[in-house]
Amino acid sequence: MPIRSFVTVVLFGAGLAGAKEPTVEFNRDIRPIFSDKCYTCHGPDAANRKTKLRFDIEAGAKIELSKGRKVIVPGDPEQSEVYKRVASNDPALRMPPAYMGREKLTDAEIGLIRRWIEQGAQWERHWSLIPPKRRPMPEVPEKNWPRNPIDSFVLARVEREGLKHSPEADRRTLIRRVTLDVTGLPPTPDEVQAFLNDAAPNAYEKVVDRLLASPRYAERMAFRWMEAARYGDTNGYQTDGVRDMWRWRDWVINAFDRNMPFDQFTVEQLAGDLLPNPTLDQRIATAFHRNHRTNAEGGIVPEEFRVEYVADRAETTSTVWLGLTVGCARCHDHKYDPIKQKEYYQLFAYFNNVPEKGLVYNFGNEEPYIKAPTTEQEHRLADLDKSVADAEQHWRSLAPTVMDAQRKWERKIARSKTPDWTVTEGLTFHSPLAGRRSSVEVAGCGKDDVHCDLPLADSPAGKGRQFDGKHFLESDGDVANFDYLQPFTFAAWIKPESGKGAILSHYEDYFEGQGHGLYLIDGKIRLHVVFRWTDIGLRVETADPVKLNEWQHVLVTYDGKRKASGVHVYVNGTPQELKVLFDELTWPMDFKLPLRIGAGGGLRFKGAIADARVYRIALTPEQVAAIPLQRSIHEIAALRPETRTKAESDKLRFAFLDRAAPKEIRRARDELRTVQKARQQFWESIPTVMVMAEGKSRDTFVLKRGAYDNPGDRVTPGVPSVLPPMRPEWPNNRLGLARWLVDRGNPLTARVTVNRFWQMYFGTGLVKTVQDFGSQGDWPAHLELLDWLACEFMDSGWNVKALQKTIVTSATYRQASAVTPELLQKDPENRLLARGPRLRLGPEMIRDQALAVSGLLVEKVGGPSVKPYQPPGLWQELAGGEGYVRDRGEGLYRRSLYTYWKRTVAPPFMINFDSPNRETCTVRETRTNTPLQALDLMNDITFVEAARKLAERMMTEGGKEPRERVEFAYKLVLARPPKPAEMQVLMETLDGFEARYHRNRKSAKEFVKHGDSPQEIKADARELAAYTSIASLILNLDEAVTKQ
Amino acid sequence: MRPLDETGLALTRRHFFGRSATGIGVAALASLLRAETRAESATAHGGLPGLPHFPPKAKRVIYLFQSGGPSQMELFDYKPRLEEFHGQDLPESVRMGQRLTGMSASQSSFPVVPSKFQFARHGNSGAWVSELLPHTAKIADQLTFIKSLHTEAINHDPAVTFIQTGSQIAGRPSIGAWLSYGIGCETEDLPAFVVMISPGKGTGGQPLYDRLWGSGFLPSRYQGVKFRSVGDPVLYLSNPAGFDGADRRRFLDSLGKINQMNYEDLGDPEITTRISQYEMAFRMQTSVPELTDLSKEPARTFELYGEDARTPGTFAGNCLLARRLAERGVRFIQLFHRDWDHHGNLPRDLPKRCEEVDQASAALVQDLKERGMLDETLVIWGGEFGRTVYCQGRLTATDYGRDHHPRCFTMWLAGGGIKPGISLGETDDYCYNITKDPVHVHDLQATILQCLGIDHTRLTYKFQGRHFRLTDIAGNVVKNILV
């Protein structure tokens, strides 16, 4: 017998003692059977329906069959074909059909169908699609028990089932429970004592208010939201590169802290970018839908994965807000719920216009992303902007001085021959190729004399070499090995005789090979920067060809920002229009190759080349223009200023500042450069965050069988027709969709949201399937309560803190969690809520509690993710490389929501204790109880260190007597003193460990060395080791890892 | 009886990974369910009532996953006619517009390249095996080759995820997790599903991901447990320095006493479960080191598996551990050997991978046979896809590479339930398309489950309203290779 039927029958149906022939409710009792057992062939999916008969809509179930037979005859099961068929023992007649391998319905299910027909076969719309209404508060005999309406609903039900509610938990239990639930951390002994001492009738409410006002509350709430939002610090596929999304995480913390109304919280995350004049914060909020996994694996078909990202957004939105499994309609109409495949793609269409790539960058955020400075960073940036402005101002104020000094210098050099000047900043290779001396050494020219025998050629920059289309020059060293994020400049004078050839290259001698190459192809100048020819690299060419058989100066710059837009090509100092051929430079490059002149990529040069240069910076246009000038500075200085070209004036100014400027001028210029650089460096250190944006509208198609390359009909954005329509005043885009989700008329969002909150406190939602409110979902244990909470939530203006307060101040929540065998038997899962919740803590709380009670916890809200302890080698064994480099210092002791989350190798402690893996949206909380968890709590350095530090606190703050010290630790961890029997066990154990460590001092010394944190008290290692053992024991208690 | 769903998991019997803590009391429910619980096999711990569906041929699986995509043309699928086509462009009549990866799709040419390595027929079955796998060749009569596997994915992440979980997209349980959930384990002292990883000795190879042995939407206790060669074999297994086994015993005795007191006050059966999980942890602290201690293995073992088997973390070492795990009743043992992704330098690198795995793979089969365990152990050897017949990158006289090829690849199976000494499926002269007996990944998965006595259409789990299964909505058991 499946357990759901068990719950249905025993808890909600006729099973409980004393109940007789209760009313069968279609939605509660019958629809789940139809859905699970019949919909596959008689449900919403038209493609799978064998006949007109369908059980998802009333008209389809009440059709007349052939020969006058009826599917359902109200009041008469024996005349109803549906009953006869499910009850039949003849395998040929019985439904669901044996030939499909389906089992017969259980007797309980058949009985329910029978009684439902007997009682008139009333049909209802699926409950979750009917908007929630406040229902009359039920009358309860025990009028003084309810503290708020939650309790009236719960008590009425408890009494109806013949049960009794539990007494209120004692204050120690209560304050520990609520403090962990609301803030994720345990109460301090002082907080416990204050609560015990507070005789005010609202003492508990005061505690709750204090907790809700704490930033810890916001961190606690953010953690669950991060799981729903599939937040991670890496991309999540294959090479699993890094990303920076923590600014979004901090936005969430801030939103909970400020108690942002949930409707606003929704709109800003789904469509903050589409609000009028969106603020930086509103744009950061939209990172919610960039948190999905992204793929950087080389060779993927980008569209296949771009489609996957859009699908993830549609499905996550549906799970988080609607509690609907729309993903089931991706390949075909939904088998259980009234959602057509077309409607899936209509929802998909809202998220389909992001100007994004399917194959993403592996080493940081992928577009679209924005700079997202923190408030502090904004201040610092403003300060730096001011310093730059000041330095610029100072520089401008020196203009007359500069002018005077330069004039004097010009007069001097105009009179006497002086060495010419050229741009040497960043020059890493300069080969005049022959003759003319230069201030730069000639780097190795030619490995053998064949090469060096290339004939000389006269060029505007002195002698060059004549290339024959076969021979070339090659450097000795690896002089032009640039990574993809390093800027560079390649330059040379050329006199080509053919429109095809290699000018300068650091490239394999194979056209589709790897490296950096400057070529002529079809007479046009080409730059290739290639990691892998087919898919990783950058290729641009000039729109116009160069002239053959004429000397021209060609120069290309690249700014190191991995985009073709950062490439500029100049001919004779003039920028050229460019055509981008390929723009996917995404991977590090480090190829050991020579620099070649006149060769590379399988090409050779025919014609002459002179003055080849490589710079390790991208030269500015002014610097570029100065290089090919024919006039030396001596000649320019001799010209009247108004007859000089701009490039000539610039060259002269550069030369002056380089060589002859007085100290004051140099200092001002250096100062300007320094502050500009500082500003630039700071700007680059500011985090970015990937955000939503609307690019060019993409057409959306139904994808047949869900396949990216199999489009069917075109669809426009729209919401499922079974839900209320969009209002005309809303735009039909993401913003409209967001407003629709939080509209009062939407029957799902508020219910789904309060249900998830409820799960945080009770471990199980009022609807157990928090992710599925459809017909396959669980029937709500307390529908009236769910609806009351949903209405209350909406009517309060979606006030999140107020809702939490309502829940945790209810008498229901405040009950003791002890359970009798009878209650355990009747209601093992506590769905009726006749007792308080007792649940193992979530992973983040187990760790955070250990850090808190040991005094190690570093409380600091927000910032980049941190890397606490993790067993070594976990990353390398799966992916090689450098692996996990853990933090030192405070990064080890931050709350767990800040722990760096690598999706393909998630933090082992978190996974051990049932954290979702953050690959996809997860809203269901699960808790298991395993030996690996036991090993973790006993032996993980995090907990061994915490035990040691807790032991130190026991020995310093706990008093002198062992009993006092143990009591102190108990109060820290469990918020109560030990009972006498416990104390006896603990004291015996302590004695045992003390004796053991006194026998072996070496072990004691080893045992108190775990963890980076220094020992801060003077204590004998033997004693500290014994107390550490006891502290570890306390942290391992079932009660310690449980909220009870 | 249908398998339990999300709401019913707490009903499984005591199990290595404990049980769900969602609150259903074991005692309470055991009595309610007694009438429904069918006799389970005498040795199974955990698993679903009613499973296996029929008498299994194999009790366990050892899956030697070769990650990266070994080349079928160099190893098993002999294609003599490729010599004739050497250097010619792959004809469109063969490619038929089928998609390629982004790594080679825009190559200006697709020159066919034959294997540099020699093939010969081996054993009574006359199986073609490459000179790169001399030890495998010697046991050819024990093996069944499937030369007609095909997959839907063309890149590593989706392809490995597909083989492991039946879906290219993350979120589904891995095959070992399904088995752990469905038929549990033969031992209480070790996990049902163990994973071991070895890097290739070259660059290490393509990354792997925890999801490949994850539990997907199944509870986390069904996920594979990595046995590691660095640090503790199982995470957090060892007591901290300065705290020994006797200390741990004292610790657990006291911990158990206090937990028991709490249970008596509160009545929550979760507390007694926790007590037993701590005891299980304690037993693992003994059983796992005993398992990984090879000092009592005779010299003959290392002659068989090779000297590499003495080095923890090598493929050979992991093969030996796999045998030891199998002896102790672990249900699903999966090895991953990385670095079979030979886009370039194939003639240089492929022989190294073969050398790393050949002897130990064959030794494992041989060893299991000698111990009488091969009949009840299904051994599987293969990667996530095959490789292209055309050269990726530059084709030279001595060098070539091959891109990913999803349309055909070869695996071998041996042992429990498998007909030895046969070859199933054929590919065309270009080793590009399947010409006979195609076997889809879902078919392979269905067949593995079949060997273990499971009807793949009936091992399901209800999640988000749908009854999911490993083989999604497909899969046909490959009956031709079954005994």
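Here is the naming used below: chain letters follow the sequence lines, and residue numbers restart at 1 for every chain. Fair warning: this is a prediction, and the values are worked out from it, not measured in the lab.
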For the candidates [options], which exhibits the highest count of non-hydrogen atom pairs separated by less than 4.5 Å from chain A?
{"options": "B/Glu279, B/His156, B/Met261", "answer": "B/His156"}
{"options": "B/Gly231, B/Gly171, B/Ser104", "answer": "B/Ser104"}
{"options": "B/Ile197, B/Asp157, B/Thr101", "answer": "B/Asp157"}
{"options": "B/Ala281, B/Ser67, B/Ala241, B/Ser198", "answer": "B/Ala241"}
{"options": "B/Leu208, B/Asn155, B/Leu100", "answer": "B/Asn155"}
{"options": "B/Asn239, B/Asp247, B/Asp244", "answer": "B/Asp247"}

Measuring only between side-chain heavy atoms, which start at C-beta, is [X] closer than 4.5 Å to [Y]?
{"X": "B/Gln223", "Y": "A/Ile911", "value": "yes"}
{"X": "B/Asp210", "Y": "A/Leu878", "value": "yes"}
{"X": "A/Lys979", "Y": "B/Asp265", "value": "yes"}
{"X": "A/Glu919", "Y": "B/Ile169", "value": "no"}
{"X": "B/Pro269", "Y": "A/Leu824", "value": "yes"}
{"X": "A/Glu297", "Y": "B/Met103", "value": "no"}
{"X": "A/Gln1044", "Y": "B/Leu266", "value": "yes"}

Residue part contacting chain B, namely of [X], when any heavy atom lies under 4.5 Å:
{"X": "A/Glu508", "answer": "neither"}
{"X": "A/Ala906", "answer": "backbone"}
{"X": "A/Arg293", "answer": "side chain"}
{"X": "A/Val1008", "answer": "neither"}
{"X": "A/Phe511", "answer": "neither"}
{"X": "A/Val819", "answer": "both"}
{"X": "A/Tyr997", "answer": "side chain"}

Least distance between heavy atoms, [X] atom then [Y] atom:
{"X": "B/Phe243", "Y": "A/Ser1029", "value": "CE1-OG, 3.6 Å"}
{"X": "A/Gln776", "Y": "B/Lys462", "value": "O-NZ, 3.3 Å"}
{"X": "B/Gln464", "Y": "A/Thr319", "value": "NE2-OG1, 4.5 Å"}
{"X": "A/Phe1007", "Y": "B/Pro240", "value": "CE1-CG, 3.8 Å"}
{"X": "A/Pro872", "Y": "B/Val230", "value": "O-CG1, 4.3 Å"}
{"X": "A/Arg996", "Y": "B/Gly242", "value": "NH2-O, 3.7 Å"}

Working to the nearest 0.5 angstrom, can you tell me the gap between [X] [atom1] and [Y] [atom2]?
{"X": "A/Thr930", "Y": "B/Arg274", "atom1": "OG1", "atom2": "CZ", "value": "9.0 Å"}
{"X": "B/Phe217", "Y": "A/Arg924", "atom1": "CZ", "atom2": "CZ", "value": "13.0 Å"}
{"X": "B/Leu212", "Y": "A/Thr904", "atom1": "CG", "atom2": "OG1", "value": "9.0 Å"}
{"X": "B/Ser220", "Y": "A/Asn917", "atom1": "OG", "atom2": "CG", "value": "10.5 Å"}

Next item on the list: Please report the C-alpha distance between A/Arg903 and B/Arg211 in whole Å, then the side-chain angles of each, then the deciding distance to 0.1 Å, and finally whether the side-chain contact (heavy atoms from CB on, under 4.5 Å) criterion is met.
Entry: CA-CA 9 Å; A/Arg903 291 194 233 222; B/Arg211 98 174 79 91; over 6 Å; no
Note to self: Quick one, B/Gln107 with A/Thr534, criterion side-chain contact (heavy atoms from CB on, under 4.5 Å). Give me CA distance, side-chain angles, the key distance, then yes/no.
What the structure shows: CA-CA 6 Å; B/Gln107 280 187 190; A/Thr534 51; 3.9 Å; yes
Region of [X] that comes under 4.5 Å of a non-hydrogen atom in chain A:
{"X": "B/Gln168", "result": "side chain"}
{"X": "B/His404", "result": "side chain"}
{"X": "B/Val234", "result": "side chain"}

So which residue, [options], ends up with the most heavy-atom pairs under 4.5 Å with chain B?
{"options": "A/Ala934, A/Ser1032, A/Pro916", "result": "A/Ala934"}
{"options": "A/Met938, A/Glu308, A/Glu982", "result": "A/Met938"}
{"options": "A/Ala879, A/Pro978, A/Pro908", "result": "A/Ala879"}
{"options": "A/Ala981, A/Ala1025, A/Ala1004", "result": "A/Ala981"}
{"options": "A/Asp772, A/Ile1034, A/Asp914, A/Leu935", "result": "A/Leu935"}
{"options": "A/His1010, A/Glu1039, A/Lys1005", "result": "A/His1010"}

Hey, is [X] close enough to [Y] for a salt bridge, meaning N to O under 4.0 Å?
{"X": "A/Asp709", "Y": "B/Arg99", "answer": "no"}
{"X": "A/Glu877", "Y": "B/Arg228", "answer": "yes"}
{"X": "A/Glu512", "Y": "B/Arg394", "answer": "no"}

Notebook entry, point to check: Between A/Asn929 and B/Thr273, do the side chains contain an N or O donor and an N or O acceptor separated by less than 3.5 Å?
Noted result: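 On atom types as modelled, these side chains do not qualify, holding no pair under 3.5 Å.
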Next item on the list: Would you tell me whether A/Asn939 and B/Arg248 have side-chain atoms, one donor and one acceptor, within less than 3.5 Å of each other?
Entry: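 Note: A/Asn939 and B/Arg248 side chains meet the donor-acceptor criterion.
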Item checked: Flag, side chain of A/Tyr237 to backbone of B/Pro158, donor-acceptor distance under 3.5 Å ->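 It does not hold such a pair.
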Item checked: Heavy-atom donor-acceptor pair, A/Asp1038 side chain to B/Ile271 backbone, under 3.5 Å ->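 Not at all, since once roles are kept as given, no pair shorter than 3.5 Å links the two residues.
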Next item on the list: Compute the ring centroids of B/Tyr236 and A/Phe943, then answer whether they are less than 6.0 Å apart.
Entry: no
Next item on the list: Using the side-chain contact (heavy atoms from CB on, under 4.5 Å) rule, take A/Leu874 and B/Leu235 through it: C-alpha gap first, then chi angles, then the decisive distance, then the call.
Entry: CA-CA 10 Å; A/Leu874 285 174; B/Leu235 287 182; 4.1 Å; yes
Would you list the atom pairs, donor with acceptor, under 3.5 Å between side chains in residues 251-258 of chain B and any protein atom, with sequence neighbours excluded?
{"unit_1": "B/Asp253", "atom_1": "OD1", "unit_2": "B/Arg249", "atom_2": "NE", "d": "3.1"}
{"unit_1": "B/Asp253", "atom_1": "OD1", "unit_2": "B/Arg249", "atom_2": "NH2", "d": "2.8"}
{"unit_1": "B/Ser254", "atom_1": "OG", "unit_2": "A/Thr989", "atom_2": "OG1", "d": "2.7"}
{"unit_1": "B/Ser254", "atom_1": "OG", "unit_2": "B/Arg250", "atom_2": "O", "d": "3.2"}

